[in-house]
Amino acid sequence: MQIKSIRGFNDILPDKIKRWHHIESTAKEILELYGFSEIRTPVIEFTDIFARSLGTTTDIVEKEMYTFTDRDGSSLTLRPEGTAGVVRAYIEHALYSISPIWKLYYMGMMFRHERPQKGRYRGFYQIGAELFGSKDPFSDAEVITMLWRFFEAIGISNYLTLEISSIGDDRCRPLYRSKLIEFFSSRKDTLCRDCLRRLQQNPIRILDCKQEGCKQLTQDAPSILDNLCKECSEHFESVQKNLQNIGINFAINPRIVRGLDYYTRTVFEVTTKELGAQNAVGAGGRYDKLVEELGGPPTPAIGFAIGMERVVLLHEKAFPEDFKKQVDVFIAYIGSEAKKKAFLIADQLRRNSIATELDYEDRSLKSQLKRADKLGARFTIIIGEDELKQDKVKLRNMKESTEEEIKFEDIFPKLKNTCSHLSNTTSDFHRNQKAL
RNA sequence: GUGGGUGUAGCUCAGCCUGGUUAGAGCACUGGGUUGUGGCCCCAGAGGUCGCCGGUUCAAGUCCGGUCACCCACCCCA
């Protein structure tokens, strides 16, 4: 096999794309309802943007970035996540001087050079949202609520768990960190090899280890939640109350470890048990220092990212039936004169938002009807020589297997109530989804 | 980077253990059964470097070695 896509990069073929469209349009709908506006930023930035945002010792920056040198010698990187680019745009265009609050979302491809596995790819899509300019715990609750409402809207929330925590800020986290180091350093012999390394690089991550020995040990380890400063603690309390107030169910998991350095205070994860090892479907947190660190004015912010492929996998599990593209009308013809007429009618119907399809190769009527059936056409218009002579067509209702002869000029009036592109996109299936 | 699994038709897979005619099935595709009528059924057709390279053998899809790819898992993450 010579001709092949790059490892970890996938094609999304037309038979899958309807599902993607449905998820994406639902996401847009929800995000806009919450006041978010789309922003599109380049898929490529100066490497420095990511290195400074994510932290130079994070796995992403250390070994997962697609980085290369431009012709002028500058180092460029394909974005491994979305926040850094949005923050860059926020600062570059001085959005803070236009409005104190900005709610932005993006949908697009991200790139990470990891070993692919289930739910994890080198080129993958994320839907992300960022709220700039508020440190109010209500904004935390709003963003988390929106994330959860999205999962409800596409009907996969039954598979999901929402967990939240706080990782403190630059006052309390360093203190906690040294407490942890102290705790684990005196118990080095019980730690696995990975955790010994973590102890050096990122001791908080030991809390997330899957090894039994380490798991046991972390039972007695100090919890971040007992070590928050007063302000962080109050903030976290308030976020919880606000979520409870509107009936969002969540669990507190003090072991939530985020992979990026920029997070402060509130962090949250939506996870599933259905996808094997890659259990995070959406995750995010507050990052109150990042804008300032990248050269903007001090600006609190909070955001999340959703893994599109993982959502799609869950959606396929929840709704295994195909998301079929549907045509309203198929036009079958017999003979070259009828073909011309068919082509003309097709154009008129399409101009009136009726999805119409027809064959090219002058195939048998039987073949044409087969194809009409395969395409799920609601109606088939049949034009043969007899019909041409009488200025009529046969209109066949494919579901009922009934047929009637109507005049050319009656085609559109007859069809416009039963099918249109609009009614097609709000099919029963689609409506059922929304009702969930 | 490490470990395990899998590579045979467009897709899902059987055949390999125990080497031996033209390598099979289901689905999908094309045509026909109805010279102008879909779904179900029946018939026919088309579709294969058995991942690749080498070795053993009279003979390799089958045994052996290597290699590549994909999948899953570790690590990490959405």
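Reminder, nothing fancy here: chain letters follow the sequence lines and each chain counts from 1.
At B:A78, none of the side-chain N or O atoms of A:Gln126 fall inside 4.0 Å of OP1 or OP2 (strictly under the cut-off). Between B:C70 and A:Lys4, a contact under 4.0 Å exists linking OP1 or OP2 to a side-chain N or O. One finds no side-chain N or O of A:Gln368 lying less than 4.0 angstrom from the OP1 or OP2 phosphate oxygen of B:G38. For B:G31, one of the phosphate oxygens OP1 or OP2 lies less than 4.0 angstrom from a side-chain nitrogen or oxygen of A:Ser367. Note on A:Arg7: every side-chain N or O is 4.0 Å or more away from OP1 and OP2 of B:C68.
Closest to the A:Ala305 side chain, of the nucleotides B:C74, B:G36, B:A78, is B:A78. For A:Phe124, taking side-chain heavy atoms from C-beta onward, the closest of the listed nucleotides B:C75, B:A78, B:U37 is B:A78. Minimum atom distance to the side chain of A:Gln117 is reached by B:C74, of the listed B:C76, B:C74, B:U37. The side chain of A:Asp59 lies closest to B:C76, out of B:G31, B:C76, B:A73. For A:Ala277, whose side chain is taken as the heavy atoms from C-beta onward, the closest listed nucleotide among B:C74, B:C77, B:G38 is B:C74.
Across all non-hydrogen atoms, the minimal contact from A:Ala305 to A:Tyr106 is CB-OH, 4.2 Å. Counting all heavy atoms, side chain and backbone alike, A:Ile60 lies closest to A:Met65 at O-CG, 3.1 Å.
At the heavy-atom level, A:Ala280 lies under 4.0 Å from the strands shown only through sugar-phosphate atoms. Note on A:Lys118: only backbone sugar-phosphate atoms sit closer than 4.0 angstrom, heavy atoms only; bases stay farther off. Residue-level contact check: A:Glu387 touches the bases, meaning some heavy atom is under 4.0 Å from a base atom. Looking at heavy-atom distances under 4.0 Å, A:Glu269 makes no contact with the nucleic acid at all. In this structure, A:Gly276 reaches the sugar-phosphate backbone alone: every heavy-atom distance under 4.0 Å involves primed, P, OP1 or OP2 atoms, never a base. A:Tyr333 comes within contact range of no nucleotide atom at all, as no heavy-atom separation falls under 4.0 Å. Among the atoms of the strands shown, none is found under 4.0 Å from any heavy atom of A:Glu81. The residue A:Arg122 sits apart from the nucleic acid: no heavy atom pair falls under 4.0 Å. Residue contacts for A:Ile334: at a heavy-atom cut-off of 4.0 Å it reaches a base atom on one of the strands shown. A:Ile60 comes within 4.0 angstrom of no nucleic acid atom, judged by non-hydrogen atoms across all strands. Within 4.0 Å of A:Arg112, counting heavy atoms only, lies at least one base atom of the nucleic acid.
Put simply, CZ on A:Phe151 is 13 Å from P on B:A78, counting in whole angstrom units. The nearest whole Å value for the distance from the NE2 atom in A:His113 to the C1' atom in B:C75 is 14 Å. In this structure, the CZ atom of A:Arg371 is 20 Å from the P atom of B:G36, given to the nearest Å. Atom P of nucleotide B:C75 and atom CG of A:Asn279 are separated by 12 Å, given to the nearest angstrom. The interatomic distance linking A:Lys370 (NZ) with B:C29 (P) rounds to 8 Å, in whole Å. If you take CZ of A:Arg363 and C1' of B:U37, they are 14 Å apart, rounded to a whole angstrom. Rounded to a whole Å, the CZ atom of A:Arg310 is 11 Å from the P atom of B:C77. Rounded to whole angstrom, the span from the CD atom of A:Glu405 across to the P atom of B:U37 amounts to 15 Å.
If you take atom P in B:C64 and the same atom in B:G1, they sit 27 Å apart, rounded to whole Å. Using atom P as the reference point in both B:G66 and B:A28, the two lie 42 Å apart (nearest Å). For the C1' atoms, the distance from B:G61 to B:U22 is 15 Å, rounded to whole Å. For the P atoms, the distance from B:C40 to B:C50 is 34 Å, rounded to whole Å. Across the C1' atoms, B:A73 and B:C63 are found 30 Å apart, a figure rounded to whole Å. On the P atoms, B:U2 is 37 Å away from B:G48, given to the nearest whole Å.
Judged by distance alone, with hydrogens and angles left aside, A:Thr380 brings no side-chain donor or acceptor close enough to the base of B:G38 to form a pair under 3.5 Å. Side-chain to base pairing of A:Lys399 with B:G39: no donor and acceptor N or O lie closer than 3.5 Å to each other.
With the nearest nucleotide of RNA chain B identified for both A:Arg120 and A:Arg115, A:Arg115 has the one nearer the 5' end. Residue whose closest nucleotide on RNA chain B sits further toward the 5' end, between A:Lys374 and A:Gln278: A:Lys374.
A cation-pi arrangement is not found for A:Lys289 relative to A:Tyr263, the charged atom failing to lie both closer than 6.0 Å to the ring centre and inside a 45° cone about the ring normal.
Using the Watson-Crick or G-U wobble rule with both distances under 3.5 Å, B:G20 pairs with B:C58. A 3.5 Å limit on both hydrogen-bonding distances identifies B:A44 as the Watson-Crick or G-U partner of B:U30. When Watson-Crick and G-U wobble pairs are counted only if both distances are under 3.5 Å, B:U6 pairs with B:A69.
Just one of A:Val291, A:Leu290, A:Leu294 meets the side chain to side chain contact (heavy atoms under 4.5 Å, CB included) condition when paired with A:Thr299; it is A:Val291.
When only modelled atom types and interatomic distance are considered, A:Gln368 and A:Tyr333 share no side-chain donor-acceptor pair under 3.5 Å.
A 6.0 Å sphere centred on CZ of A:Phe9 holds more than 12 heavy atoms belonging to other residues, nucleotides or ligands.
Between the side chain of A:Arg122 and the backbone N or O of A:Glu114 there is at least one donor-acceptor pair closer than 3.5 Å. With A:Ser25 contributing its side chain and A:His21 its backbone, the two residues share a donor-acceptor pair below 3.5 Å.
A ring-centre distance under 6.0 Å is not found for A:Trp148 and A:Phe250.
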